[in-house]
**Student:** 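Here it is, the structure, as structure tokens.
Here the structure is a predicted model, which is why all the values come from computation and not from measurement.
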Amino acid sequence: YPAIVVTHKGIKHYEGKVPDNKREAKMMDMELVDVTLGEVFGDEKTLIFIQTLNGKEYKIDYSKVGTPLFVKIHQDSTF
């Protein structure tokens, strides 16, 4: 599955080198979360909802990788 990067402005496909571990991610000012690990969700997910600090909720659908529906705004709240 392709990696994504979540920022305060939104979500996008990550094109850079994925850090090998959490320590390496910290050195790159990132937090590494492997959603395929059982310790995060209990089992592997293909559909994930992420809310960013700007109030938008994104839907990441790994069953639609390579299409415009892979990362899509699910809700856009204004505050």
**Student:** How close do Lys59 and Leu47 get, heavy atom to heavy atom, and via which atoms?
**Tutor:**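 Nearest heavy atoms, Lys59 then Leu47: CG-CD1, 3.4 Å.
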
**Student:** Between Tyr58 (side chain only) and Ile48 (backbone N and O only), is there a donor and an acceptor less than 3.5 Å apart?
**Tutor:**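 A pair under 3.5 Å: no.
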
**Student:** In this structure, would Phe49 and Val71 fall into the same cluster of hydrophobic residues linked by side-chain contacts under 4.5 Å?
**Tutor:**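 No, separate clusters.
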
**Student:** In the single-linkage hydrophobic clustering (I, L, V, M, F, W, Y; side-chain heavy atoms under 4.5 Å), do Val18 and Ile50 co-cluster?
**Tutor:**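 No; tracing contacts between hydrophobic side chains, which count when under 4.5 Å, never links both residues.
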
**Student:** May I ask you to decide whether Glu24 forms a salt bridge with Lys17, counting only side-chain N to carboxylate O separations under 4.0 Å?
**Tutor:**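 Lys17 and Glu24: salt-bridged.
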
**Student:** Is it true that Met28 and Leu32 fall in one hydrophobic cluster, defined by side-chain heavy atoms closer than 4.5 Å?
**Tutor:**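 Linked within one cluster.
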
**Student:** Treating Ile, Leu, Val, Met, Phe, Trp and Tyr as nodes and any side-chain heavy-atom pair under 4.5 angstrom as an edge, say whether Val5 and Tyr62 lie in one connected cluster.
**Tutor:**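 No, Val5 and Tyr62 fall in different hydrophobic clusters.
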
**Student:** Please name the pair of heavy atoms, one in Lys64 and one in Phe70, separated by the smallest distance, quoted to 0.1 Å.
**Tutor:**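 Result for this residue pair: O-CB, 3.5 Å.
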
**Student:** Do Arg23 and Asp20 meet the salt-bridge criterion of a basic N to acidic O distance under 4.0 Å?
**Tutor:**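 Arg23 and Asp20: not salt-bridged.
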
**Student:** Identify the residue among Lys26, Met27, Met30 that makes a side-chain contact (heavy atoms from CB on, under 4.5 Å) with Pro19.
**Tutor:**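 Filter result, single survivor: Met30.
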
**Student:** Show, in sequence, the C-alpha distance, side-chain angles and deciding distance for Val6 and Thr52, and conclude whether the side chain to side chain contact (heavy atoms under 4.5 Å, CB included) test is met.
**Tutor:** CA-CA 8 Å; Val6 180; Thr52 57; 3.9 Å; yes

**Student:** Which atoms form the tightest heavy-atom contact between Ile60 and Ile11, and what is the distance?
**Tutor:**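 Scanning both residues, the minimum pair turns out to be CD1-CD1, 3.8 Å.
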
